[in-house]
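Labels below follow one simple rule: chain letters A, B, ... track the order of the sequence lines, proteins then strands, and each chain is numbered from 1.
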Amino acid sequence: MADKNTKFKDAGEIIENVLASGRKILFPYEAMDIIKSSGISTPAYALAKTANEAKKAANTMGFPVVLKIVSPDVLHKSDVGGVVVGVENEREVERNYNEIMNNLIRKVPDADIMGMLVEKQAPTTTEVIVGGIRDEQFGPTVMFGLGGIFVELFKDVVFRIAPVTETEALEMIEEIKGFSVLNGYRGAEKLDIQKLAKTVVTVSELISDIGEIKEVELNPLLVYTEGVTAVDARIIIN
Amino acid sequence: MTLDKFFNPKSVAIIGATEDPNNITSVVITNLIEMGFTGNLVPVNPHHDEVFGLKCYASLLDVKELIDITVISIPSGLVPEVLRQQARCGIKNAIVLSGGFAESGHKGAVLEEEVKTICKEEGIRLIGPNCIGVLDNYSNFSTSFLPWTKVKRPGKGNLGILSQSGSYVVSMMDMLSLEGIGVSKVVSYGNRVDVGESELIEYLTDDESTRVIGIYMESVDDGRRFIKASGNCTRSKHIVALKAGRQDSGIEAAKSHTGAIAGKYEIYKAAFKKSGIVEVYGLAEFMDACKVLSMQKPAKGNKVLVLTNGGGFGVSVSDLCGDTGLDVAPTPESIRDTLSKKFPEYFILKNPIDMTGSSGDEDYGTAMKSALVNNDFFDAAIIIPLMPPHTMTEGVVDIISQMSKESGIPVVICMVSGVYTGEIKKKFEEKGLPVFPTPERCVKAMSVLVERGRMNG
C-alpha cells in the first residue's frame, strides 16, 4: 500500500479505494483527481450523472466545455462518439449529453455508464505527453514526448529511469527531435519549459512513490507560455 | 559472496575430461596447460585412468583433495547429478559449458530449472550453462574450449568483457588480440541461471586489474540491481554496452494509445544513461569504445584541436566532429601568434591546423607544444599524421606521445592502416596512444571520451 507520508497522500487514498472496488483502470475523474492532488494543474472538471447536473457544472466553470463519457466499458472514447468539444451553452450541453448517451447505447449496448465528465475547455496550444511506466525489468520509468503525430508517426519520445531530477527532466525535453516546437520555433513564443520539466519530475515521483501504479499518462498535457494543463489523464494500477 | 574462485581457483575439476580431440574438454585442458595455469587440474571421467598425464578420477566423490571449482562439459541430462555430487563434496562453484538447456526447447528448460533449484538449495554458484565461461589473463585460468591457435589469446590489459553470447566473446578476443588491446577478465555466462552481469559488474568494480568493462547484452538479469551496480562502477571505471535485440521493441510503440509510451529498448537506453554507461551500436564501435577508454582518459570539455599534415583528413575529421557535437573551436589568437612566428606562412593555423605535406616530425612537436602544452584552451586533440612524405619518420611517434603526455589531455590518432602505417600504428599504441583507421571511427572514439567526461561532470 502507498506510503501515507508521501506528498501523494491523496493519490494513495484514491488508489486504495479503486483497488477495493476491484478495478485496474481508474475512471478519468479519479485519474484527474490524482493528477490535481499531485500539484499538476488541470482545467475545472466535474462528473455529471444527468443532463441537468452537466448544465449546472458547465455554468459554474464557464463555457466552452468538453463532454466526455465515463464508462469502464469504453477504452477509446472518441471511437464510440463519446467526446464532444466546444460546447458553448446550456442548450448545447443538454443536446450533446443526450446524443453521447444515445451513441453509447447504440454502439455498446451493455456498457456500464458512470456519467459524463464535464471539463472546461482549455485554449489550444502545443500538446505533449508525459507518462510513467513501471517496467518489469527496470522498475519505474518516466517518458516524455510531443503529442499527436510526433509520438505516433515519429516515435519522438524519450525515457528515463524514475524518479528524475529537474535537470534530468530538462535534458529529456531538450533531447527530443521536435524540441524547437517548444523552444520558440520561427519566432513563436517560447513555451514554459521549466513548468513542463517540473511536471515530468512530479509524474516520475508519482510512479516511483506509489507502487500500485502500473502506468500513468497525461495525454495531452497542454503547454502554454506560462504554465501547463493536463486535460486528460489515464492511470492503470495493479 | 565473492566470485574470486571463478577467476583464480587453486584446484579445478574437469568433469568429462578426455584426450579425445573431438571433445571440447580436451581443448579446455590443452589451453590451460598451454597458458601456464599453475593450479591443480583434476580430470574426472569414469572411462579414463589418466588424461594428459594427469590422474583421472571416476567420480568427484573419489577425489580427496579440496576442489575450488568444477568445469562441466557433459551431456546436459547428466549435469544435475554432477552438481548434487559436488554439493556432497562441498564444492561451491561450477562453470557449465554444456548446452542442451533452455535454449534447446521444453525438455532443456525443465533441466535448467532443476539446475537452478540445486544451486539454490545447495548454495552452489554457477556460471552458464551454454557458455564459454571465463578467461582471467592474470591468473592464467580459462575455460574456453576454442583452441588458442584459432582464437589468439589477447594480451594482459585493463579491459573486462562480459557477454551473454559466446560467439561474441570469442570474436572480441580474436579482434582484441590482433588490435593489441589487453584484457583482464572475460566472462561468457550463456543462459545465466545464477551469476549474471549485475553481480559481475559489482565484482569487476572492485577488481584492480579492470578499468573498462565492455558488455554485450540481450537482456538484463535484474534491472534495478544492474542500474545500481553500473552506476556505482562508472564512478571510478567505464562501462561500454552493446544492447542486441533492439528491434524487438519500439516497433509496437504508438500502435495503440498505451503502446505509444511502451518500448523496451528505450528503457534500456534510459537505464544506460542513468548508470553512466556508454552505449554503442555495433562490433567495431564496441571495440573502439573499449579501446579508447582503456588507453585514454575522458575529456573535460568538447573543444577539440585537429592537427594534421593532410588537408583532406583535417576537413573530413572536422565535418564529423560537427556531426557529433565536438567543437573544432578556432585556434585562439595567442596560439596563432606564437605558431606564425615558427611556421612558414602557408601553414594553416585556424582549427584544423594543417601543416601541409611539407611539414615533418618536428613540426608536430612545435604545434602541440604551443597549442596543447603551453595553453589549456583545448580539451582534447585528434592528431592525423600522414606518413608518406619523406619528412615524416617513425620519430614522430615519440614526439607526439611526449607532447600528449605533457599536455595532460586525451589524444587520439587517426591513421589509415596500411602495410607501413600498420607498423607505425603499433608503435603509437605501445606508447598508449590509440590509433583509429578512419576519420569516422576516430571521431566516434573521441566523442566517447567527451561523453564520458560530460557524464562525470
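Shown here is K107(A), whose NZ atom has more than 12 heavy atoms of other residues, nucleotides or ligands within 6.0 Å. Counting heavy-atom neighbours within 6.0 Å of Y281(B) OH, excluding the residue itself, gives a total above 12.
A pairwise comparison of heavy atoms in V157(A) and E266(B) identifies O-OE1, 4.2 Å as the closest pair. The heavy-atom pair separating F159(A) from A270(B) by the smallest distance is O-CB, 3.3 Å. Of all heavy-atom pairs spanning I161(A) and I267(B), the tightest one is CD1-O, 4.2 Å.
A distance of 5.5 Å separates CD of Q137(A) from OH of Y268(B), quoted to the nearest 0.5 Å.
Counting heavy atoms from C-beta on, the side chains of V158(A) and K269(B) never come closer than 4.5 Å. At a threshold of 4.5 Å between non-hydrogen side-chain atoms, the residues K273(B) and E168(A) do not count as touching.
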